[in-house]
Amino acid sequence: MEGTPMPPTFYEQPTLELAKALLGCVLVKETEEGIASGYIVETEAYMGPIDRAAHSYGNRRTKRTEVMFHEAGRIYTYVMHTHCLVNVVSGEREKPEAILIRAVEPLHGQELMEARRPGHVKKNWTNGPGKLTKALGITMEDYGGSYLQPPLMITEGYQPENISAGKRIGIDNTGEARDYPWRFWVSGNPYVSR
DNA sequence: TTCTAGATCGTCT
DNA sequence: GACGATCTAGAAA
């Protein structure tokens, strides 16, 4: 639980820079059951207005994407099928950009994660956007909050030696936007989704 | 190991 | 009423 929350200025860097800077940081979630956390090892950037694959494409502003238009460092959660996905809001106010956290490496509260992901080996607890939210206990109740304080926050971690970049995943029906190399992960880390 | 289909539900049209 | 920024199980090679 040691670890200082990243300062507000950390979130003010350009979205693509922030997506890389987030790698190695620690995502911490506090619940009544205890604290669970993990190193962020995979992210994906969504560039708002110009990104066909983003929910906020064309400045589409709805009840759902509202928080993306707020200041950087806010929490954007989205429900997909039966799963919940977490994003870090980026960009200035009125600039709907965000970064999806795709995978983390278990750190604290591993017995909690195991209890939440019964029947799975450790590697499969958090190696996917829908899986890590379940393992850490992140829900829609976190929507609109800030990563600067509990119950959900991002703290200092380590500096990854190498970072890889590639195409994003799961957005095959969105034209040329699917080829943008806006997915980043820690090279060689076994907890990335692919 | 790779792929195909079904589950399942809130949000937007 | 249609559609996913997904996951999992089960079948095929």
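The analysis underlying the following values was restricted to heavy atoms, covering all of them including side chains, and did not include hydrogens, waters or symmetry mates. Here is the naming used below: chain letters follow the sequence lines, and residue numbers restart at 1 for every chain.
B:dA7 atom C1' lies 13 Å from atom NZ of A:Lys134, rounded to whole Å. The interatomic distance linking A:Arg168 (CZ) with C:dG4 (P) rounds to 15 Å, in whole Å. The distance from atom CG of A:Asn87 to atom P of C:dA5 is 11 Å, rounded to the nearest whole Å. Between the CD1 atom of A:Ile101 and the C1' atom of C:dA5 there is a distance of 13 Å, rounded to whole Å. If you take OH of A:Tyr57 and C1' of C:dA5, they are 16 Å apart, rounded to a whole angstrom. As a whole-Å value, the separation of A:Lys123 NZ from C:dC7 P is 14 Å. C:dC7 atom C1' lies 18 Å from atom CH2 of A:Trp125, rounded to whole Å. If you take CG of A:Asn124 and C1' of C:dA9, they are 13 Å apart, rounded to a whole angstrom.
Side-chain contact between A:Leu100 and A:Asn87 is present, with heavy atoms from C-beta onward closer than 4.5 Å.
Although no hydrogens or angles enter the test, the distance criterion places a donor-acceptor pair under 3.5 Å between the side chain of A:Thr31 and the main chain of A:Gly34. Remark: the backbone N or O of A:Val104 is paired with a side-chain donor or acceptor of A:Thr126 at under 3.5 angstrom. Judged by distance alone, with hydrogens and angles left aside, the side-chain atoms of A:Arg64 form no donor-acceptor pair with the main-chain N or O of A:Tyr78 at under 3.5 Å.
Of the nucleotides present, none pairs with B:dT8 by Watson-Crick or G-U wobble criteria with both distances under 3.5 Å. Base pairing annotation: C:dA5 forms no Watson-Crick or G-U wobble pair, as no partner gives both donor-acceptor distances under 3.5 Å.
Contact check, A:His120 against C:dT8: a side-chain N or O comes under 4.0 Å of OP1 or OP2. Contact annotation: A:His55 reaches the phosphate of C:dA5 (side-chain N/O to OP1 or OP2, under 4.0 Å).
Looking at the side chain of A:Tyr46, the nearest of the listed nucleotides B:dC12, C:dT6, C:dA5 is C:dA5. Checked against B:dT13, C:dA5, B:dG10, the side chain of A:Ile171 finds its nearest nucleotide in C:dA5. The side chain of A:Arg64 has B:dC12 as its nearest neighbour among C:dT8, B:dC12, C:dT6. Of the candidates B:dC12, C:dT8, C:dG4, C:dT8 carries the atom nearest the A:Lys131 side chain, counting heavy atoms from C-beta on. When distances run from any side-chain atom of A:His81 to the nucleotides C:dA5, B:dA7, C:dT8, the shortest one goes to B:dA7. Side-chain proximity of A:Arg60 to B:dG10, C:dT6, B:dC12: nearest is B:dC12. Across B:dC12, C:dA5, B:dG10, the shortest atom-to-atom separation from the side chain of A:Thr62 is found for B:dC12.
Nearest heavy atoms, A:His83 versus A:Gly130: CB-CA, 4.1 Å.
Ion pair A:Arg102/A:Glu44 flagged as a salt bridge, since at least one NZ, NE, NH1 or NH2 atom sits closer than 4.0 Å to an Asp/Glu carboxylate oxygen.
At a threshold of 4.0 angstrom between heavy atoms, the contacts of A:Arg117 are confined to the sugar-phosphate backbone, with no base atom among them.
Both A:Thr82 and A:Met140 lie near DNA chain B, and the one whose nearest nucleotide falls closer to the 5' end is A:Thr82.
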